Number of protein chains: 2
Amino acid sequence: MTDVQQTEAKPRLGRKRDHTRDPEILDAALEVLSESGYDGMTIDMVATRAKAGKATVYRRWSSKAELVLDAVACMKQGEIDLDDLPDTGTLRGDLVAMIRTPSIRDGERKLKVMAGIVSMIARSPELAAAAQEALVEPRATVNRIFFRRAIERGEVPADIDVEKLCIIGPALVAYSVLMLGRPVDRDFLISNIDQVILPAAGVRAEP
Amino acid sequence: MTDVQQTEAKPRLGRKRDHTRDPEILDAALEVLSESGYDGMTIDMVATRAKAGKATVYRRWSSKAELVLDAVACMKQGEIDLDDLPDTGTLRGDLVAMIRTPSIRDGERKLKVMAGIVSMIARSPELAAAAQEALVEPRATVNRIFFRRAIERGEVPADIDVEKLCIIGPALVAYSVLMLGRPVDRDFLISNIDQVILPAAGVRAEP
DNA sequence: CATATACGGAACTATCGAGTTCCGGATACC
DNA sequence: GGTATCCGGAACTCGATAGTTCCGTATATG
C-alpha cells in the first residue's frame, strides 16, 4: 500500500535501499488498468510504462492480482483532508465547494479504474474491499459530514436518510460515465446538487 | 439478434431448418457473461452450458466478440410492453407499480451482464451501443412515459428535467449493486422513489 | 578501487483460450 | 431405405501472457 502521489524528491538513486520504483509502478498499473481493464492489462504493459523490467515488478508483488489490489488500495491516498473541508454555512455551498476541476479529473480516473475491475469485484472479496475503501468510502465520508452539519444547523430535517443522500451524487456520476458514456462536467454536478440531492434533503430550491 | 425468451415449442427437431440452437447458446452466453465477465468467459464454457459443441457456436457467430454483441442485444427482448403500462393516476402509483419481483431479478441479471462488459464499453462503440439499447434505454423509456403523464396531469411542474429524473432510479440501483455489492429489494426501490425521485420531481411526500 | 545491491531487459517455459477441422450420429424429407 | 443436413464432441494449431531466470550495468558505500 504505497503512496503513488509521493513522487517527491525522486533522487534517482543508483543503489536503492528499498523498492523505490514502487510508486511509479503502482501509478503505471492504475494507468493501464483504467485504459485496458483488469484482463486487458499485462505486466509487460505496466513495466514498460513505468520504464521498469518485468522482473522488478515481480520482485515486489508476487502476482498480477496482488499488484492490482495494491494499486487500487493506494488510490485512497490523495484524498481530501477532512480537516480543511470548507464550512460555507449552507449545505449547497458545501456541496458546490467540493466541485473542483482537478477533483473531477481525479474522479474520472477513479471511475475508469472502477470500470476496469467491476467484473472482478463480484469474484474477489479482497478486491471488493479495497475498492470500497479506496474509491467509495472517501466520497461518502465527505458527504456524511456535510449532511450532519446541515442537520445540526437545522437546515435539513434530522430524520433524513443520510446514507441514501450520500449515495445519490456518486451514483449519478458513475451511471453517467460508465453506463451512458457521458463525460462529467461542472454543470452536470451542479444540476445533480440542485435538482436531485437538495430536493431529496428537503431543501427548497433558491429562486 | 435472436430472441432468447422464445424457447417456445422447442420441438428438438432432428434435421433443423436453421440454427435452432441459437436461443440456448445466447442464453448460456449471458449466463456465463454475468458470472465471469467478458474476459473470463470462454466459448467452451458457453458451449458446454448450452450442451452444444464449440463448432456449433462458431457456425453461427464468427467470433467471441460477435457472440457477446448478439447476446447483449437480444436482452432487449422480454422488455415491458409499452402499451400495458398501468396508469394508476399518480406518478408514485405508476413508479411503484413497475416494481415486481421478477423484474427485480431480471434487472439484477442485466446489471451483472453490464458489470461483465463495462470495461469493454469504453473500447467498443458497437458493444456500447448494444448495451445502451438493450439495457439502458428500455428503463429510461418507461420512466419518460410516467413523467410525461405526470406533467400532463399537472402533478409535476412542466419545466422539470425529465432526462435527469429518468436516470436517478437506474443509477441508484446500479451503484448499489455494482459498487456497494448490496442486493436490491423492494424496500430499497420504494425508498428510492419516495426519498429521492419524487422530491426531485417536485412532488410533496405523503404523510 | 572493490563490493554489494537493485535495477532494466531479454530470453525462456508453461498454460490457456480463440478459432479450425474432422467425424460419427441423429433426423427430417424423398 | 437412402440421403442431405445439422449437430456434439474431440483433436488440433497458434498466439498471447503469467511468471521465472539470468546477466550486464549503475551506483552508493567502505
Side-chain angles (χ1 to χ4, degrees), chain A residues 2 7 9-29 31-33 35-71 116-117 119-120 123-124 127, chain B residues 2 7 9-29 31-33 35-71 116-117 119-120 123-124 127:
Chain A
T2 318
T7 319
K10 198 182 186 183
R12 297 296 306 112
L13 306 169
R15 175 183 185 176
K16 294 121 191 184
R17 205 39 71 87
D18 219 329
H19 298 269
T20 58
R21 301 303 311 279
D22 284 11
E24 285 93 330
I25 293 173
L26 287 170
D27 196 47
E31 208 73 21
V32 176
L33 204 54
E35 291 169 9
S36 310
Y38 183 90
D39 297 275
M41 155 183 164
T42 72
I43 303 291
D44 264 325
M45 285 184 195
V46 175
T48 303
R49 175 119 19 160
K51 296 196 214 311
K54 210 158 52 146
T56 306
V57 176
Y58 279 104
R59 256 173 225 129
R60 175 70 172 79
W61 294 274
S62 63
S63 72
K64 176 177 169 177
E66 286 203 16
L67 171 60
V68 169
L69 199 63
D70 215 3
I117 61 173
S119 73
M120 297 291 302
R123 268 159 284 137
S124 165
L127 188 56
Chain B
T2 317
T7 319
K10 198 181 185 184
R12 294 301 303 114
L13 307 170
R15 174 181 182 179
K16 295 118 191 185
R17 205 40 72 87
D18 218 330
H19 299 269
T20 59
R21 302 302 312 280
D22 284 11
E24 285 93 330
I25 293 173
L26 286 170
D27 196 46
E31 208 73 19
V32 177
L33 205 53
E35 291 170 9
S36 311
Y38 183 90
D39 297 275
M41 154 182 163
T42 73
I43 302 293
D44 264 324
M45 284 184 196
V46 176
T48 303
R49 175 121 18 160
K51 295 196 214 311
K54 208 158 56 147
T56 307
V57 175
Y58 278 104
R59 257 172 222 128
R60 175 70 172 78
W61 294 274
S62 64
S63 72
K64 176 176 170 178
E66 286 203 16
L67 171 61
V68 169
L69 200 62
D70 214 3
I117 61 172
S119 73
M120 298 290 301
R123 268 159 284 138
S124 165
L127 188 57

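So that the names make sense, note that chain A is the first sequence line, chain B the second, and so on, each numbered from 1. These figures come from a predicted structure and were not determined experimentally.
- The stretch residues 42-52 of chain B touches DNA chain D through K51(B), A52(B), each having a heavy atom within less than 4.0 Å of the strand.
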Taking it one step at a time, do D22(A) and R60(A) satisfy side chain to side chain contact (heavy atoms under 4.5 Å, CB included)? CA-CA 8 Å; D22(A) 284 11; R60(A) 175 70 172 79; 2.4 Å; yes
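- Computed from coordinates, the E24(B) CD to dC7(D) C1' distance equals 12 Å when rounded to whole Å.
- Rounded to an integer number of Å, the gap from K64(A) NZ to dT20(D) P is 15 Å.
- Protein atom NZ of K54(A) is 14 Å distant from nucleotide atom C1' of dC22(D), rounded to whole Å.
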Let me check something: any side-chain donor-acceptor pairs from residues 40-51 of chain A under 3.5 Å, sequence neighbours excluded? List them with distances.
{"from": "T42(A)", "atom 1": "OG1", "to": "M45(A)", "atom 2": "N", "distance (Å)": "3.0"}
{"from": "T48(A)", "atom 1": "OG1", "to": "D44(A)", "atom 2": "O", "distance (Å)": "2.8"}
{"from": "R49(A)", "atom 1": "NH1", "to": "E35(A)", "atom 2": "OE1", "distance (Å)": "3.4"}
{"from": "R49(A)", "atom 1": "NH1", "to": "E35(A)", "atom 2": "OE2", "distance (Å)": "3.1"}
{"from": "R49(A)", "atom 1": "NH2", "to": "E35(A)", "atom 2": "OE1", "distance (Å)": "3.1"}

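- The CG atom of L69(A) sits 9.5 Å away from the CG atom of L67(A) when rounded to the nearest 0.5 Å.
- Nearer to the 5' terminus of DNA chain D, by closest-nucleotide assignment, is the contact made by I25(B) (compared with the other of S62(A) and I25(B)).
- With hydrogens and angles ignored, the 3.5 Å screen pairs a side-chain donor or acceptor of R123(B) with a backbone N or O of S119(B).
- Annotation for D39(B) and K64(B): closest pair O-NZ, 3.8 Å, computed over non-hydrogen atoms.
- Taking 4.0 angstrom as the limit, Y58(B) places a side-chain polar atom (N or O) nearer than this to OP1 or OP2 of dG19(C).
- Of all heavy-atom pairs between W61(A) and E66(A), the closest is CD1-O, 3.9 Å.
- For dG8(C), the base has a donor-acceptor partner in the side chain of R59(A) [N/O atoms by modelled type, under 3.5 angstrom].
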